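Keep in mind the model is a prediction, meaning the values are calculated, not measured.
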Amino acid sequence: MRFDCLIKTVRSEGFFGMYRGAAVNLTLVTPEKAIKLAANDFFRNLLARDGKELTLLKEMLAGCGAGTCQVVVTSPMEMLKIQLQDAGRLATQKAFAEEGLAAIPKRPSALLIATNLLRTQGISGVYKGLGATLLRDVPFSVIYFPLFANLNKLGQKSPRERAPFYHSFLAGCVAGSVAAVAVTPLDVLKTRIQTLQKGIGEETYNGILDCARKTWRNEGPSAFMKGAGCRALVIAPLFGIAQVVYFIGIGEYILGYFN
């Protein structure tokens, strides 16, 4: 399935069609991960004021807080990224229906999409699908952060020592892939709700429950796990690298040159 998607994307949009939406990711993924990781640490410290080791429940509560905070950046980032990635598919459909591939129209930029949304729908347009994003990101963080913390402890020789960077990387990869697969059904719903322009014969949705009901009715339960493998392949190294950079203090080291 993923190779068929790859071949068709390259054939219709060229090699760089696979990188559509990359600019939005490059711009917003750094503050998103910074908020997520810093918020988790903040809530963990807040819940550990008695000096005792955090229980699993408190670790999950800290992850819940981190997931809630990050959607300030995640929701508009996902909204714009989805429109850009879907623009090529819609343009190709339109070209086939009208005049053939030679007539594919110019695809919009992230700035144009954001400007149109703000002008026509206000700030709520950029945050369309906020509820679905929360429904995905909060459970993701509730699973990811406690799992990473406990896997990372296995590499610590003593409670006061840090685990080797490669162990933190592997812990981030494993925790990220497990959490990504676990919340894939919620990601499927979020993506479908945030897709503004529908293709030929595609369903429109009126909220999360309506989207879930129509997806189950039209495609069956397997539709909720579409893209699970690809998500795991992307999220695993993303969180492995982000966790290592954050955990071993590379950010603080760089900032030291500016003080």
Side-chain angles (χ1 to χ4, degrees), residues 19-46 61-85 108-118 121-146 148-149 152 165 168-169 171-173 175-177 179-180 183 186-187 190-191 193-194 196 231 233-259:
Y19 288 90
R20 196 164 301 284
V24 176
N25 265 1
L26 285 171
T27 304
L28 297 178
V29 77
T30 300
E32 181 211 24
K33 292 295 175 284
I35 291 170
K36 191 184 193 87
L37 296 172
N40 179 66
D41 271 2
F42 172 78
F43 288 117
R44 286 179 71 92
N45 290 331
L46 194 66
L61 285 172
C64 179
T68 304
C69 290
Q70 78 166 79
V71 296
V72 174
V73 175
T74 304
S75 193
M77 178 183 77
E78 291 279 309
M79 182 70 173
L80 296 175
K81 183 187 73 173
I82 288 168
Q83 309 322 311
L84 288 168
Q85 290 178 340
S109 66
L111 182 60
L112 179 62
I113 293 171
T115 303
N116 287 340
L117 283 171
L118 288 171
Q121 301 180 36
I123 193 68
S124 63
V126 180
Y127 280 90
K128 181 181 173 63
L130 177 62
T133 306
L134 274 168
L135 195 62
R136 181 199 66 173
D137 288 347
V138 170
F140 178 95
S141 296
V142 167
I143 296 168
Y144 171 78
F145 283 111
F148 168 78
N152 197 57
F165 78 92
S168 295
F169 173 77
C173 287
S177 59
V183 302
L186 302 172
D187 184 64
K190 182 199 71 67
T191 301
I193 289 169
Q194 287 188 319
L196 296 178
R231 272 181 58 75
L233 287 173
V234 170
I235 296 295
L238 175 64
F239 273 87
I241 294 168
Q243 200 70 68
V244 167
V245 169
Y246 182 79
F247 217 63
I248 66 178
I250 291 177
E252 288 88 340
Y253 180 78
I254 295 172
L255 288 173
Y257 284 100
F258 298 94
N259 294 331

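- Counting only residues at least two apart or in different chains, salt bridge (Lys or Arg N to Asp or Glu O under 4.0 Å) contacts with residues 25-43 are absent.
- Of all heavy-atom pairs spanning Val138 and Cys64, the tightest one is CG1-SG, 3.6 Å.
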Going through the distances and angles, do Tyr127 and Val72 end up as a side-chain contact (heavy atoms from CB on, under 4.5 Å)?
CA-CA 9 Å; Tyr127 280 90; Val72 174; 4.0 Å; yes
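- From Thr68, atom OG1 reaches atom CD1 of Ile35 across 12.5 Å, with rounding to the nearest 0.5 Å.
- With rounding to the nearest 0.5 angstrom, the CD1 atom of Ile82 is 9.5 Å from the CE atom of Met77.
- Scanning for ring pair (Phe, Tyr, Trp, His ring centres under 6.0 Å) contacts around Phe145 gives an empty result, with sequence neighbours left out.
- Between atom CG of residue Leu118 and atom OG of residue Ser124 there is a gap of 9.5 Å, rounded to the nearest 0.5 Å.
- Listed by chain and residue number, nothing satisfies the side-chain hydrogen bond (donor to acceptor under 3.5 Å, both in side chains) test with Asn40 (two or more places apart in sequence, or in another chain).
- In this structure, the side chains of Met79 and Leu117 come closer than 4.5 Å at one or more pairs of heavy atoms.
- In this structure, CD1 in Ile235 is found 5.5 Å from CZ in Phe140, a value given to the nearest 0.5 Å.
- Remark: Val71 pairs with Leu130, Thr133, Leu134, Asp137 by the side chain to side chain contact (heavy atoms under 4.5 Å, CB included) rule, at least two apart or across chains.
- In this view, Phe169 satisfies the ring pair (Phe, Tyr, Trp, His ring centres under 6.0 Å) rule with no residue, not counting sequence neighbours.
- Here Leu135 pairs with Leu186, Ile208 under the side chain to side chain contact (heavy atoms under 4.5 Å, CB included) rule; sequence neighbours left out.
- Residues passing the side-chain hydrogen bond (donor to acceptor under 3.5 Å, both in side chains) test with Asn116 are Arg119, sequence neighbours excluded.
- For the atom pair NZ (Lys190) and CD (Glu78), the distance works out to 3.5 Å, reported to the nearest 0.5 Å.
- Considering every non-hydrogen atom in both Ser141 and Gly63, the closest pair reads CB-O, 3.0 Å.
- The CZ atom of Phe42 sits 8.5 Å away from atom SG of Cys69, with the distance rounded to the nearest 0.5 Å.
- By the salt bridge (Lys or Arg N to Asp or Glu O under 4.0 Å) test, Asp187 pairs with Arg136, Arg231, sequence neighbours left out.
- Take Ala236 and apply the side chain to side chain contact (heavy atoms under 4.5 Å, CB included) test, not counting sequence neighbours, and it matches Cys173, Ser177.
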